[in-house]
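Read through the structure below, which is laid out as structure tokens, and then see the notes.
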Amino acid sequence: MTDCLFCKIANKEMDTDLVYEDEKVVVFEDINPQAPVHLLIVPKKHQENIMELEEDEFEIISHIHEVAVKMAKEYEISEEGFRLVNNNREKAGQSIFHIHYHLLGGRKLQWPPG
Ligand code: AMP
Ligand code: ZN
């Protein structure tokens with residue numbers, strides 16, 4: 001998937017700073033932050049969206065949540081609250097077609113979302 005931006009970031013083909021990395025995911029700051037803390041948690045494996053996950057692949061979602069909690073603590077938003085968002089397909093606002101979760105915090109977040 002050489003034409004996928006998030007594959008390039010995960011493969012270190014971009015100069016994006018990673019704030020966390022393990023064998024399954026990378027985490028980096030969103031280039032267009034929507035809150036004081038806006039991180040993207042991205043699996044290293046290319047899949048367009050969570051609809052592509054096979055039955056035995058959902059462990060990655062649990063792992064993403066585990067990393068999100070870790071990052072929320074590290075960025076000191078775990079006490080006041082934060083949001084974990086996954087946009088699936090165009091109508092939901094997905095613009096990069098490689099699974100990713102937004103971790104947002106550091107301000108009062110509105111509900112319902114736009
Ligand atoms: P989504 O709209 O849910 O697909 O989210 C894609 C996100 O990727 C948006 O919030 C963009 O601001 C962000 N983004 C796009 N290009 C980059 C980049 N080069 N580095 C970091 N974040 C990016
Ligand atoms: Zn990709």
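Counting starts at 1 for both ligands and their atoms, in listed order.
- No side-chain heavy atom of Asn49 sits less than 4.5 Å from a side-chain heavy atom of His98.
- Atom-to-atom distance recorded for Ile9:CD1 and Lys44:NZ is 13.5 Å, nearest 0.5 angstrom.
- The heavy atom nearest to atom 23 (C) of ligand 1, considering only Val85, Asn86, Ile31, Ile96, is found in Ile31.
- If you check the side chains of Gln47 and Glu57, you find a donor sitting under 3.5 Å from an acceptor.
- Regarding atom 4 (O) of ligand 1, its nearest protein heavy-atom neighbour is Ser95 N, 2.7 Å.
- Interatomic distance, Asn87 CG to Ile99 CD1, rounded to the nearest 0.5 Å: 12.5 Å.
- A distance of 11.0 Å separates CZ of Phe58 from CD1 of Ile64, quoted to the nearest 0.5 Å.
- When heavy-atom distances to ligand 1 are checked against a 4.0 Å cut-off, His100 comes that close only through its side chain, counted from C-beta outward.
- Every atom of ligand 1 is numbered from 1 in the order shown, and the set under 4.0 Å from a heavy atom of Asn32 is 12 (O).
- Per-residue contacts place Glu29 under 4.0 angstrom from the following atoms of ligand 1 (heavy atoms of the residue considered): 21 (C).
- The Zn ion (ligand 2) is the vertex of the angle joining SG of Cys4 and SG of Cys7, which measures 120° to the nearest 10°.
- Considering just the N/O/S atoms of His46, the one nearest the Zn ion (ligand 2) carries the name ND1.
- Geometrically, ligand 1 and Gly93 share a nitrogen or oxygen pair separated by less than 3.5 Å.
- Under the 4.0 angstrom criterion for non-hydrogen atoms, His102 is in contact with ligand 1.
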Name every donor-acceptor pair, under 3.5 Å, that has one atom in a side chain of residues 101-114 and the other anywhere in the protein, sequence neighbours excluded.
residue, atom, partner, partner atom, Å
His102, ND1, His38, NE2, 2.8
Arg107, NE, Gln34, O, 3.1
Arg107, NH2, Gln34, O, 2.8

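- In this structure, His100 and Leu40 approach most closely via the heavy-atom pair CD2-CD2, 4.2 Å.
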Identify every side-chain donor-acceptor pair in residues 71-79 under 3.5 Å, counting partners at least two apart or on other chains, and give the distances.
none

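- Not one N or O of Gln94 is nearer than 3.5 Å to an N or O of ligand 1, by distance alone.
- Which parts of ligand 1 touch Phe6 is read off a 4.0 Å heavy-atom cut-off, strictly below it: atoms 8 (O).
- Every atom of ligand 1 with a heavy atom of Leu40 under 4.0 Å away is listed here by number and element: 8 (O), 13 (C), 22 (N).
- Looking only at N/O/S atoms, His98 comes nearest to the Zn ion (ligand 2) through ND1.
- For atom 16 (N) of ligand 1, the closest non-hydrogen atom on the protein side is Leu5 CD2, 3.3 Å.
- Between atom CG of residue Asn86 and atom CD1 of residue Ile50 there is a gap of 4.5 Å, rounded to the nearest 0.5 Å.
- With a 4.5 Å cut-off on side-chain heavy atoms, Val42 and Val27 do not count as touching.
- Residue Asp30 places at least one N or O, backbone or side chain, under 3.5 Å from an N or O of ligand 1.
- For the pair Glu59 and Lys24, the salt-bridge criterion is met [side-chain N within less than 4.0 Å of a carboxylate O].
- At a 4.0 Å heavy-atom cut-off, ligand 1 touches Asn87 through the side chain alone.
- Contact analysis leaves Phe97 out of contact with ligand 1, as no non-hydrogen atom separation drops below 4.0 angstrom.
- Considering backbone and side-chain N/O of Thr16, none are found under 3.5 Å from N/O of ligand 1.
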